[in-house]
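Notes for the one structure printed next.
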Amino acid sequence: MRLSVVGCGYVGLVTGACLAEAGHEVICTDIDAGRIAQLRAGQVPIYEEHLDRILASAGKAGSISYTADAGEAIRFGDAIFICVGTPPRSDGSADLSAIDHVAQQIAAEARSPKLVVEKSTVPARTGLELQRALSAYSRGNGGFRVASNPEFLREGTAVEDFFHPDRIVVGVEDLAAAEQLREIYRPILERRFECPVHKTCPDSQRAEFLVTTISSAEIIKHASNSFLALKISYANALSDLCEKLGANVEEVTHAMGLDPRIGTQFLRAGLGFGGFCFPKDIQAFISLASTVGVDFEILKAAERVNKQRIDRFLEKISKALWVVKGKRLAVLGLAFKANTDDIRFAPALEVVRRLLEEGAEVHACDPEALEKAKKQFPQASFHQDPYEAFEGAHAALVCTEWSVYKNLDWERAGRVMARKLVIDGRNLYSPAKMKQLGFEYVSFGRE
Ligand code: UGA
């Protein structure tokens with residue numbers, strides 16, 4: 001099928017690339033002409049595992065192309081995926097102006113009936129507004145059907161998640177739209193693709209194809225992200241309690257998680273959640289609920305617990321160092337989580353900002369996010385190699401759970417540090433092992 005993707009951010013690029021790899025003809029467009037020029041030149045503007053390879057192979061096969069001309073992209077596809085940003089406004093609600101803009105472009109440029117699919121994360125009822133905008137601006141020449149098809153991709157494993165989803169949700173107003181979307185996802189549903197991730201794909205369950213109303217699909221996305229955020233905050237509140245009562249949060253969450261009704265995932269205590277999804281989605285969900293008179297108190301608490309994680313971390317740092325001013329600190333990890341270069345709402349950035357404010361000398365490292373972080377903190381020093389950051393450091397602070405940091409040679413690090421102190425915001429190491437290596441070691445919920 002011929003498909004158009006509007007917006008070449010994380011969601012748009014992964015969606016476009018994977019749909020092309022699955023056998024469709026895809027054209028991508030973006031308001032940022034520089035980004036389109038980069039893509040045309042074979043460069044990938046974001047770091048996402050496997051994406052460069054898929055874009056290269058789809059480009060070579062001629063199944064993906066890029067244009068800065070939105071009209072050309074809109075006329076090309078039978079279905080148009082809207083993947084533009086919906087950033088938070090100052091009151092927490094989602095800014096939908098980019099979606100409105102695309103709706104006007106589609107209405108003006110389309111010359112044949114289109115299935116318009118909203119893939120950006122949007123509050124409930126956006127689909128209905130989108131439908132209204134399309135008919136209002138098209139002056140009757142449209143023939144548009146609207147669907148909501150939320151994505152559940154995690155940054156860092158987005159390509160794998162795309163090819164091996166646990167569910168594909170399509171919110172539609174009529175069954176023809178559902179059938180068109182089933183056709184688009186048929187290669188994924190029937191596993192008829194060459195997997196770019198595995199040699200032999202894991203024998204996991206096949207994805208469920210769920211057809212819902214548009215509003216339900218929109219809420220499913222917000223409800224899923226908010227629930228995961230809630231789980232993380234629950235684990236973090238537990239971790240504070242475990243510290244006070246002398247228990248070990250990992251023993252507790254592991255045992256809890258073995259109950260299949262709870263599950264072991266997203267119960268890792270530490271510095272809390274960041275990124276461009278959870279913090280903004282939870283806020284948007286709270287804000288959406290309040291507009292219809294529902295006080296989503298439980299989510300407000302989850303948000304509050306998460307914000308306090310940074311305070312807890314800074315308290316641990318102050319307690320261990322006594323005076324923070326003038327201390328040389330090695331910060332391990334800047335990205336909001338491992339395997340991404342994304343630093344948006346990364347807990348590490350807030351940690352660095354506060355340490356600099358207190359007069360510490362920050363030496364930060366990250367395998368992928370250095371370039372982005374450098375622009376924000378001209379006063380800090382940046383190193384690709386963590387062992388450079390350890391030179392003369394009074395403490396090492398773990399902020400992101402990169403596997404290279406999990407496997408550091410602490411004996412080597414200890415030889416060059418001024419003080420053998422590790423304050424671990426991601427519980428990467430065994431306290432007993434660190435003690436054995438002669439380190440003072442502070443982590444979350446395991447004191
Ligand atoms: C999240 C969801 O997991 C995806 O399903 C969703 O599609 C995506 O948002 C989105 O809305 O686009 P993502 O933001 O990429 O994906 O990251 P996650 O892997 O979910 O992690 C989010 C944050 O939670 C990270 O900062 C991570 O370090 C933190 N986290 C995660 C914890 O602190 N503890 C945990 O146990 C798990």
Side-chain angles (χ1 to χ4, degrees), residues 7 9-15 46-49 83 85-88 94 119-123 149-162 164-169 217-218 220-239 249-250 253-254 256-257 262-285 302-303 305-310 312-313 333-351 369 398-403 405 424-428 443-445:
Y10 280 96
V11 176
L13 264 189
V14 173
T15 303
I46 56 168
Y47 173 77
E48 185 63 47
E49 217 181 350
C83 304
T86 53
K119 213 159 184 34
S120 308
T121 299
V122 291
N149 172 218
E151 53 84 19
F152 303 103
L153 311 175
R154 291 162 301 171
E155 284 182 26
T157 53
V159 171
E160 180 171 357
D161 292 346
F162 192 95
H164 300 286
D166 29 43
R167 77 279 210 207
I168 292 173
V169 175
E218 290 164 338
I220 287 167
K221 167 70 190 206
H222 273 301
S224 304
N225 272 7
S226 296
F227 189 77
L228 291 171
L230 202 64
K231 259 186 117 176
I232 298 169
S233 281
Y234 186 83
N236 280 325
L238 260 184
S239 122
V249 71
E250 278 170 6
T253 51
H254 176 67
M256 276 171 62
I262 297 174
T264 50
Q265 294 189 51
F266 280 71
L267 286 175
R268 273 193 342 264
L271 257 179
F273 58 80
F276 204 56
C277 301
F278 285 0
K280 109 176 145 64
D281 285 2
I282 202 169
Q283 269 182 20
F285 208 26
E303 203 188 13
V305 168
N306 197 55
K307 286 196 174 130
Q308 287 164 353
R309 301 322 290 162
I310 314 277
R312 293 282 110 83
F313 195 53
L334 295 161
F336 82 95
K337 64 171 192 179
N339 303 321
T340 175
D341 65 345
D342 196 345
I343 55 169
R344 291 174 296 176
F345 298 101
L349 295 200
E350 182 59 14
V351 170
V398 182
C399 291
T400 312
E401 63 279 20
W402 284 100
S403 62
Y405 299 153
D424 183 356
R426 296 292 175 187
N427 285 2
L428 288 194
S443 60
F444 275 99

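The shown structure was predicted, so the numbers you read here are calculated from the model rather than taken from an experiment. Counting starts at 1 for both ligands and their atoms, following the listed order.
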Among all protein non-hydrogen atoms, which one is nearest to [atom], and what is the separation to 0.1 Å?
atom: atom 18 (P) of ligand 1; result: Lys337 NZ, 3.6 Å
atom: atom 37 (C) of ligand 1; result: Phe266 CD2, 3.5 Å
atom: atom 30 (N) of ligand 1; result: Ile232 CD1, 3.4 Å
atom: atom 3 (O) of ligand 1; result: Arg154 CG, 3.4 Å
atom: atom 15 (O) of ligand 1; result: Glu155 N, 2.7 Å
atom: atom 9 (O) of ligand 1; result: Cys277 CB, 3.2 Å
atom: atom 36 (O) of ligand 1; result: Arg268 N, 2.8 Å

Counting only heavy atoms closer than 4.0 Å, does ligand 1 sit against the backbone of [X], its side chain, both, or neither?
X: Lys280; result: neither
X: Glu401; result: side chain
X: Leu153; result: backbone
X: Lys221; result: side chain
X: Asn225; result: side chain

Residue pair [X] / [Y], side-chain heavy-atom distance below 4.5 Å:
X: Ile46; Y: Tyr10; value: yes
X: Asp161; Y: Phe152; value: no
X: Phe313; Y: Arg309; value: no
X: Ile262; Y: Leu267; value: yes
X: Thr121; Y: Phe285; value: no

- Query: Less than 3.5 Å between some nitrogen or oxygen of Leu228 and one of ligand 1, yes or no?
  - Reply: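 For ligand 1, there is no N or O atom that lies under 3.5 Å from one belonging to Leu228.
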Close N or O approach (Thr121, ligand 1; < 3.5 Å):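 Such a contact does not occur with ligand 1.
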In terms of atom number and element, which parts of ligand 1 are under 4.0 angstrom from non-hydrogen atoms of [X]?
X: Phe273; value: 23 (C), 24 (O), 26 (O), 29 (C)
X: Phe152; value: 4 (C), 5 (O), 6 (C), 7 (O)
X: Leu267; value: 36 (O)
X: Phe278; value: 1 (C), 2 (C), 3 (O), 9 (O), 20 (O), 22 (C)

Discussion item. Going by the rule side-chain hydrogen bond (donor to acceptor under 3.5 Å, both in side chains), which residues pair with Thr264 if we only count those two or more places apart in sequence or in a different chain?
Written reply: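 In terms of side-chain hydrogen bond (donor to acceptor under 3.5 Å, both in side chains), with neighbours along the sequence ignored, Thr264 is linked to no residue.
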**Residues that Glu48 engages under side-chain hydrogen bond (donor to acceptor under 3.5 Å, both in side chains), provided they are two or more places apart** =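 For Glu48 there are no side-chain hydrogen bond (donor to acceptor under 3.5 Å, both in side chains) partners, ignoring immediate neighbours.
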*Ion pair present between Glu151 and Lys221, side-chain N to carboxylate O less than 4.0 angstrom?*
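A salt bridge links Glu151 with Lys221.
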Check your understanding: If you measure from each heavy atom of Gly272 to ligand 1, is any distance below 4.0 Å?
Key ->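 It does, in that a heavy atom of Gly272 comes within the 4.0 Å cut-off of ligand 1.
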Review point. At a 4.0 Å cut-off, with the gap strictly under it, does some heavy atom of Arg426 reach an atom of ligand 1?
Key: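 Under 4.0 Å: yes for Arg426.
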- Query: Does atom CZ of Phe276 have more than 12 heavy-atom neighbours, drawn from other residues, nucleotides or ligands, at distances under 6.0 Å?
  - Reply: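 Atom CZ in Phe276 is packed in, count exceeds 12.
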| query | Quick check: are there more than 12 heavy atoms from other residues, nucleotides or ligands sitting under 6.0 Å from CD of Glu49? | reply |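 Not buried by this count: 12 neighbours or fewer within 6.0 Å.
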Discussion item. With rounding to the nearest 0.5 angstrom, report the OG1 to CG distance, Thr253 to Asn236.
Written reply: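 Output value for this atom pair is 10.5 Å.
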How many angstroms lie between atom OG1 of Thr400 and atom CG of Asn339, to the nearest 0.5 angstrom?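 Spacing of OG1 (Thr400) from CG (Asn339) equals 10.5 Å.
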